[in-house]
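Just below is one structure, and these are the notes that go with it.
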Amino acid sequence: MKLSFLISAHTDAPHLRRLIESLPEGSEFFVHIDAKSDITPFIKELSRPDVHFISHRVNVVWGSINEVEYQMEMVREALRCSPDYLITLSGMDYPVWSNKKIMDYFHSLNGCNVLQGLRITLSDPKNVNYREFRLLSTRQWRKGSMGSKFRVAMRKTASMLGIKKALSIKARGKHYDLYKGAAWWAITPQLAVKALYEWDENKKLRRYFSTSFCPAETFLQTVAFNSSFSDTCILTEGQFTTLQALTPLTFIDYSNGVLILNANDYDRIVASGKMFCRKTITGESDALMDMIDIKRKENSSRRTS
């Protein structure tokens, strides 16, 4: 079993090193560093043959199509190493399970994908974000700036005029319903190849997502659930509740943005049963990570004794 971890980072090089050193030996790590960030500290911390920094670096704007762009570039590079699973992480994640439990879990999947999705429908009261055209979304405009206000005004004006995105797409003779999930998943190389093909070749589908809200949480799900891979993924039915409910592997607390986790959060992280947790950073989450490391070591020793 060979795992490829696709890690997006923009800060805290020491934590990225701690994260990578904590993951299963024999894995490969494909790292995208936001083009706005200095890559030098990351290279200094992680000069090792199993860490691959993606040369195609993207100037990341949250919620825009360029998040899918760097994801697909990491997928492209990772596929060259013939992994059994490709797993997305951020540079602020940390494993909760022991490495043996992680490896056992992926062995047990038998080719299933840990990709959860919910179909966005017209009857869902929370579909408004997905019906708005997000024009100029890749522009680096600060919130509250004139550019940002202009972008929001364009979106709201179009919506008031009844110019709305459909919740389905027809591209290259195929119908795609829109599905939503989270940007944190683990997929087989077969599904990764399918997603990369759609990204590279299906220009109409790509154009649809270029004006969509947070396509890093919809592009892959839409491709997967409208393909033969749908039966290997995790379908959630009903209406959208919270993003946590669509994130099967990672514990995330979305209160007040994304909460920085500390030792006080240890019990609920463990109780969640999730494989990873986010958001952990050097200087604020050290005690929490130390507690997790002790538990991971105990669990690993218990399973091998």
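In this text the structure is predicted, and so the values were computed from the model without any measurement. Values below: every heavy atom of this structure, side chains too, minus hydrogens, waters and symmetry copies.
- Using a cut-off of 4.0 Å between Lys/Arg side-chain N and Asp/Glu carboxylate O, K203 and E201 are scored as not salt-bridged.
- Counting non-hydrogen atoms of neighbouring residues, nucleotides and ligands closer than 6.0 angstrom, the OH atom of Y254 exceeds 12 such neighbours.
- Under the 4.0 Å criterion applied to side-chain N and carboxylate O atoms, D265 and R268 are assigned as salt-bridge partners.
- For F30, the ring pair (Phe, Tyr, Trp, His ring centres under 6.0 Å) criterion is met by H52, not counting sequence neighbours.
- By the ring pair (Phe, Tyr, Trp, His ring centres under 6.0 Å) test, Y105 is found to be paired with W97, residues two or more places apart in sequence or in another chain being considered.
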task = Tell me, with the steps shown, if F53 and L46 meet side-chain contact (heavy atoms from CB on, under 4.5 Å).
result = CA-CA 10 Å; F53 289 97; L46 288 160; 4.2 Å; yes

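- Between D253 and K279 there is no salt bridge, since no side-chain nitrogen of the basic residue lies less than 4.0 Å from a carboxylate oxygen of the acidic one.
- Between R76 and E73 there is a salt bridge, since at least one side-chain N of the basic residue sits less than 4.0 Å from a carboxylate O of the acidic one.
- Annotation for K149: atom NZ does not count as buried by contact number, only 12 or fewer foreign heavy atoms lying within 6.0 Å.
- Looking at E69 and H56, their side chains do bring a donor and an acceptor atom within 3.5 Å of each other.
- N59 and Q140 form a side-chain donor-acceptor contact under 3.5 Å, judged by distance and modelled atom types alone.
- Within 6.0 Å of atom NZ in K170, 12 or fewer heavy atoms from other residues, nucleotides or ligands are found, so the atom counts as exposed in its surroundings.
- Follow the hydrophobic side-chain contacts under 4.5 Å out from I187 and you reach F229 in the same cluster.
- The pair D290-R18 meets the salt-bridge criterion, since a charged nitrogen lies less than 4.0 angstrom from a carboxylate oxygen.
- Using modelled atom types, one finds a donor on one side chain and an acceptor on the other under 3.5 Å when comparing K180 with Y130.
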task = Evaluate the criterion side-chain contact (heavy atoms from CB on, under 4.5 Å) for residue pair K174 and N202; output intermediate values, then yes/no.
result = CA-CA 11 Å; K174 179 179 173 63; N202 198 335; over 6 Å; no

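- Contact check on D293 versus K297 returns no salt bridge, with no Lys/Arg side-chain nitrogen under 4.0 Å from an Asp/Glu carboxylate oxygen.
- Among residues at least two apart or in separate chains, salt bridge (Lys or Arg N to Asp or Glu O under 4.0 Å) pairs with a member in residues 39-67 are R17-E45, R48-D50.
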